[in-house]
Structures are given as structure tokens and as C-alpha cells.
S.K.: 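Dropping the structure in here first, questions after.
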Protein chains: 2
Amino acid sequence: MPRISDSTIHRLSRYYRTLKYMHDKGSQTISSNILAQQNDVTAAQVRKDLSCFGAFGRRGLGYDIVDLKRNIARIMGLDRTWKVALCGVGNIGRALIDYDQFRVQGFQITVAFDSDPGKIGKVIHGVVIRNEANLERDVRDEKVEIGVVSVPVSSAQSIVDRLVAGGVRGILNFAPINIKVPKNVFVRNENMAIEIEALSFALTNPKMVQY
Amino acid sequence: MPRISDSTIHRLSRYYRTLKYMHDKGSQTISSNILAQQNDVTAAQVRKDLSCFGAFGRRGLGYDIVDLKRNIARIMGLDRTWKVALCGVGNIGRALIDYDQFRVQGFQITVAFDSDPGKIGKVIHGVVIRNEANLERDVRDEKVEIGVVSVPVSSAQSIVDRLVAGGVRGILNFAPINIKVPKNVFVRNENMAIEIEALSFALTNPKMVQY
DNA sequence: CCATCCTTGTTATATTTGTAACAAGGGATT
DNA sequence: AATCCCTTGTTACAAATATAACAAGGATGG
Ligand SMILES: NC(=O)c1ccc[n+]([C@@H]2O[C@H](COP(=O)([O-])OP(=O)(O)OC[C@H]3O[C@@H](n4cnc5c(N)ncnc54)[C@H](O)[C@@H]3O)[C@@H](O)[C@H]2O)c1
Ligand SMILES: NC(=O)c1ccc[n+]([C@@H]2O[C@H](COP(=O)([O-])OP(=O)(O)OC[C@H]3O[C@@H](n4cnc5c(N)ncnc54)[C@H](O)[C@@H]3O)[C@@H](O)[C@H]2O)c1
């Protein structure tokens, strides 16, 4: 099985968003060139990325937007729903529960956990906040596949361990720490500190980064 | 001037965090090997990353933690404060204002903007929410260098344009859209949709990604 | 003081990733 | 039907990035 690079996956995601946008605008087809311009990459890159998964275009014409959109959705697993468990209903956690776009795209926060007795039992945007004491059991019972970690750094690794114990196979981690997981679990980090520090570097050393 | 890769910058950020952690734990020195293990990279990678900026270690002994930490801070511009303007005090915006770690690291949200009359004038975590009507002027007056964009997609590009007009040189963008900026402005995107979709891809095609 | 063991910094090599080039497919036009 | 544009998919090439290898610096212990 050919390995797909991280960059390709990221770009697929961005092509997908462009396709949704172009579809809403009423377009029927799109060329690799336009898709490239919209995402600041080369047309060759777009065609090569797509060619990893098949031949979706028509020579001379480009890609049918609806068709390509559907194909990318299938490839990326966006043509289904995913059950998500959110751990840590603080500032970030609340923002995520409130954010409807995730649900629209199929990521359903079915359970949320917190350790704060003052929060347990409350309902936010239709989601009941549960006691994290029963996390493993609840996650397993609800057949959750993805866990979101928005607890403080000090609790992050243990929450991850418990999510994994509950059968979760993918983790989106907001805690700025390098969490460890078994080989068969996937982790993506959303590390805002890294991004803003990268900005700091760029502004400090403008000659060392390509504008 | 040698170009520094994005990956190297990201890793420097992570090494920096490890150094802070090890320092708090009371360690004096650290080897490239330990630094590597903590960040899931090879020791050669660590040494090569650091060697882009100088020779900070002592052969046979490793790196002095305090010294290396200070050097990375200097290299990345983390030994100073940055004035930050936050645009869009919604769910994400509020979370960022509330988050003390940014301030501790030198990123000071000095001004915040919103267009909602119900929010303008309110104070969150010591920051007054201003009317976005005067954004350019306020940003310029306050000598803001970094702008954070946490407004809806529909307003993102125009807010970016105005931040740039106000003299901002770096932008941290949370809106899931490919914003356009002049050549001399740096942008970093914090796109949660991409990360969770990457998880979806990995869980859908486990054979195509390296665990 | 010599031998031994570490660990760095750097150079050389391998791998991955991105770009360019182009043949072949396909529609439109005359 | 022949010609002329376009645009894809793929292959060949270039650049960037990561890994490995190793010489030289330095500590430690007898
Ligand atoms: N807020 C930000 O802007 C921001 C930015 C970058 C990174 N982060 C990171 O994101 C994470 C969450 O940040 P936040 O600002 O939302 O923090 P927060 O303090 O607002 O929320 C954390 C929540 O986790 C809960 N919690 C603590 N331990 C728990 C446990 N063991 N099980 C379940 N719940 C538990 C707390 O009760 C609280 O509700 C932190 O790791 C933080 O470093 C936040
Ligand atoms: N909430 C999440 O979890 C989440 C996740 C991924 C991406 N995002 C993105 O982050 C951005 C912010 O999300 P949010 O959930 O905080 O949205 P939100 O609706 O809670 O907040 C947006 C804020 O921006 C303000 N605003 C609108 N137009 C403005 C303008 N022209 N100038 C100044 N302020 C303006 C609104 O009044 C509101 O307070 C959006 O682009 C969203 O797509 C959010």
C-alpha cells in the first residue's frame, strides 16, 4: 500500500474546502490550475495529490466539482459520522462544543467529560457534561472513536491513556505536551503555542524564512 | 542567509518546551539523545537543528539547559514581549484572552476588537473590547505587531486586510480559509478542521499512514 | 598521564517531497 | 474529419529534508 504523506492529507482537506466553496457558488467543474491558485500550490501538486487515489478528472475539461468532492469525502472518511468524546469542558472545550461546523462535517461530540463537580451534569449545546470518573466505560459503551483532549497539561497524558483504554483510536490534542500513545492510535496536535512562536521567529528573523 | 525550514522552527519550539520542563525538574544538562526521545525525533535531527544557529553544547557533556533555553529564546524572539491584537471575541477569542500562558511567554493581547455592540466596552480578563470600526488606527497607535483572527470566515479576509493596513506584520488565523496577505506579512494558520479531518483520514486508511 | 567512554558538530548519504515536462485524451471549430 | 486548444495523469527530474557516520573535543578513572 502506497504511503500518503502528511502534506498530501493536509492539502486534500484544503481542496475539499475549496470544492465546497465552489459548489456553493454554483460552479460545475474546476481545473487543477484553479484549485492550485486557491490553495497556494502548483497545479502539478494538485494533480499528483489526487492521482494517489485514482483518476478523477477528464482531460481537456478538468474535474467535476460534485464528483471530486464526493470522492475526497470518501477517501478521507468524511462521508460518514464519527463519534467524538470531548475531555475538559473549559474555555477551549466549550468553544468546540459550541462550534456547529464540526457536527455538520460529521464529527459528533456525543459525550463530554470534566472533573469539576460544578460542571458535571450541566448541558452545553445539547451535550451533557459527565463525570470523568467513568470515562473508560462511557467511551466504550458509546462506541466513541475519536477523543478530543482539552484538559490542562497536567492531566493530558492520563486522560489520553484512559481514552485509549476505552477503545479510542484517534486523538486530537490541544494540550501543549508530547503525549504518548500505543502504536495503533493516531494523534494530531493542535498546538497554538507552536504557531505563535513560529510567528515570533519569522518576525525576528525575516531573512531566514520565505515570505 | 541560510533558510530555516518550517519543520526546524516547529521543533525548536518543542525543544524549548522540553527545556523549560527539564529546568523546572531541576536538571542541569541534557543530551541531544534525551531531547530527541522527548520529542520523537532522532538525536541527529536535534543536533542539526541547533547547529543552524551555532554550537551550544559541550562534547562529552551535552547542553547546559539554562544556556540552551536562553539561546533558543533569543533565536525565536521569545526573550521579549509582543503586542497582540485579537479580532473577534467569540468562543475562540475569549479562550485566548483567558489563557495566561501566552502572556507569560510574552504575547500580550493589548487590544481586542469585536463588531457586536453588545460586546463592545466590556472587559474580559483585563482587556477592553473595542469597536472594530477604528481597528486600523488603534492597531497603529498601540504599535501592535501580531494580529489574531478569530472572526467568522466571512469577515476574515477583510479583518486581515485592515490589520495589515494598521501595520501588523504577523497573523495567527483561526478562520478556515486561505487568507491572502502582502509578501512581507507572515501568516500561520490554526486550522482545527484540517487536523480532525486528518484523523478521519488516518482512521479510514490506517495502512496509508505511518503509525 | 594514558586509555576509555561519551557526546557534539559536521559532512556525506539516503529518503522524501515538490516541480516540471510531456504524451495522450477529449472537446470545440471549421 | 482534420486541426487546434485545453487539461489530465504520469514519468522524469530537482530540491529539500532527514538519517547516518565519524572525527574531534572533553570528561572520568585507574
Ligand atoms: N485557552 C487557550 O487559548 C489555549 C491555548 C493553547 C493551549 N491551550 C491548552 O488547551 C487545554 C485546555 O485549555 P483551557 O483554556 O480550555 O483550560 P481550562 O482551564 O479553561 O479548562 C480545562 C478544563 O479541564 C477540566 N479538567 C481538569 N482536569 C480534568 C480531568 N482529569 N478530567 C476531565 N476534565 C478535567 C477542568 O475542570 C476545566 O474545565 C490546556 O492544556 C491548555 O494548555 C489552551
Ligand atoms: N469555535 C471553534 O471551536 C472553532 C473551531 C475551528 C475554527 N473556528 C473558527 O474560528 C473563528 C471564530 O470562531 P468562534 O467559534 O469563536 O466564533 P464566534 O461566532 O463565537 O465568534 C466570532 C466573533 O467575531 C465577531 N465578529 C464578527 N465579525 C466581526 C468583524 N468584522 N470585526 C470584529 N469582530 C467580528 C462576532 O461578533 C463574534 O463575537 C471562525 O472563523 C471559526 O470558523 C472555530
Side-chain angles (χ1 to χ4, degrees), chain A residues 1-15 18-19 22 27-69 71-72 75 198 201 208-211, chain B residues 1-15 18-19 22 27-69 71-72 75 198 201 208-211:
Chain A
M1 185 80 92
R3 275 277 324 290
I4 306 297
S5 82
D6 224 63
S7 325
T8 293
I9 300 168
H10 273 145
R11 284 190 300 264
L12 275 186
S13 223
R14 299 172 60 199
Y15 303 155
T18 303
L19 291 169
M22 298 302 276
S27 309
Q28 303 288 315
T29 60
I30 192 170
S31 68
S32 57
N33 215 308
I34 302 293
L35 214 33
Q37 274 175 241
Q38 300 277 333
N39 291 283
D40 293 335
V41 297
T42 64
Q45 183 73 78
V46 170
R47 295 200 296 275
K48 197 152 174 251
D49 284 338
L50 296 177
S51 77
C52 295
F53 304 96
F56 308 114
R58 291 174 64 192
R59 300 180 185 216
L61 198 66
Y63 302 89
D64 180 274
I65 290 181
V66 171
D67 181 61
L68 183 57
K69 184 164 156 291
N71 270 295
I72 294 183
I75 291 163
F201 178 90
M208 288 186 181
V209 299
Q210 84 288 33
Y211 276 99
Chain B
M1 186 79 92
R3 275 277 324 290
I4 305 297
S5 81
D6 224 62
S7 327
T8 293
I9 300 167
H10 272 142
R11 284 191 299 264
L12 274 186
S13 223
R14 299 172 60 199
Y15 302 156
T18 302
L19 290 169
M22 297 303 275
S27 309
Q28 303 287 316
T29 60
I30 193 171
S31 67
S32 57
N33 214 308
I34 301 294
L35 213 33
Q37 273 175 241
Q38 299 277 331
N39 291 283
D40 293 334
V41 296
T42 64
Q45 184 72 79
V46 171
R47 295 200 296 274
K48 194 146 175 266
D49 284 338
L50 296 177
S51 76
C52 295
F53 304 97
F56 307 115
R58 291 173 64 192
R59 300 180 186 215
L61 197 66
Y63 302 89
D64 179 274
I65 290 181
V66 171
D67 181 61
L68 184 57
K69 185 165 155 289
N71 271 296
I72 294 183
I75 292 163
F201 178 89
M208 289 187 181
V209 298
Q210 83 288 33
Y211 275 101

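Every chain is numbered from 1, with letters handed out A, B, ... down the list of sequences.
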S.K.: Does any residue of residues 44-60 of chain A have a heavy atom under 4.0 Å from DNA chain C, and if so, which ones, in number order?
M.R.: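 Only A:A44, A:Q45, A:R47, A:K48, A:R58, A:R59, A:G60 qualify.
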
S.K.: Treating B:S13 as the side-chain partner and B:I9 as the backbone partner, does any N or O pair qualify as donor plus acceptor under 3.5 Å?
M.R.: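 Here the side-chain-to-backbone pair does not exist.
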
S.K.: Side chains of A:Y15 and A:D49 only: does a donor on one sit below 3.5 Å from an acceptor on the other?
M.R.: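 Note: A:Y15 and A:D49 side chains meet the donor-acceptor criterion.
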
S.K.: Going by heavy atoms in the side chains, are B:T42 and B:V46 under 4.5 Å from each other?
M.R.: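 Not in contact.
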
S.K.: Starting at atom CG of B:L61, determine the distance to atom P of C:dG9, rounded to an integer number of angstrom.
M.R.: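 Nearest whole value for this atom pair: 11 Å.
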
S.K.: For B:D6 and C:dT17, give me the distance from atom CG to atom P, rounded to whole Å.
M.R.: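 To the nearest whole Å, that distance equals 15 Å.
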
S.K.: Separation of A:Q28 atom CD from C:dG27 atom C1', in whole Å?
M.R.: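 Answer to the nearest Å: 17 Å.
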
S.K.: Return the value, rounded to whole Å, for the distance between atom OH of A:Y63 and atom P of D:dC6.
M.R.: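 These atoms are roughly 18 Å apart.
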
S.K.: Rounded to whole Å, how long is the line connecting atom NE2 of A:H10 with atom P of C:dT17?
M.R.: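 Those two atoms, NE2 and P, are 13 Å apart.
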
S.K.: Return the value, rounded to whole Å, for the distance between atom CG of B:D64 and atom P of D:dA27.
M.R.: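 To the nearest whole Å, that distance equals 13 Å.
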
S.K.: Between B:N39 (side chain only) and B:L35 (backbone N and O only), is there a donor and an acceptor less than 3.5 Å apart?
M.R.: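 Side chain of B:N39 to backbone of B:L35, a donor-acceptor pair under 3.5 Å: yes, one is there.
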
S.K.: Does a nitrogen or oxygen in the side chain of B:S32 sit under 4.0 Å from OP1 or OP2 of C:dT8?
M.R.: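 Answer yes for this pair, as a side-chain N or O of B:S32 is under 4.0 Å from OP1 or OP2.
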
S.K.: Given D:dT19, is OP1 or OP2 found less than 4.0 Å from the side-chain N or O atoms of B:T42?
M.R.: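 Answer is yes, contact under 4.0 Å.
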
S.K.: I need the CD1-P distance between A:I30 and D:dT7, as an integer number of Å.
M.R.: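 Between P of D:dT7 and CD1 of A:I30: 12 Å.
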
S.K.: Are any non-hydrogen side-chain atoms of B:L19 and B:Y63 less than 4.5 angstrom apart?
M.R.: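 Side chain of B:L19 against side chain of B:Y63, heavy atoms only: no contact under 4.5 Å found.
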
S.K.: Going by the side chain to side chain donor-acceptor pair (under 3.5 Å) test, name the single residue among B:Q37, B:R47, B:Q45 that passes it with B:S32.
M.R.: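 Of the listed options, the one satisfying the test is B:R47.
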
S.K.: Over how many whole Å does the gap from A:R3 atom CZ to C:dG18 atom P extend?
M.R.: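 One finds 12 Å between P of C:dG18 and CZ of A:R3, rounded.
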
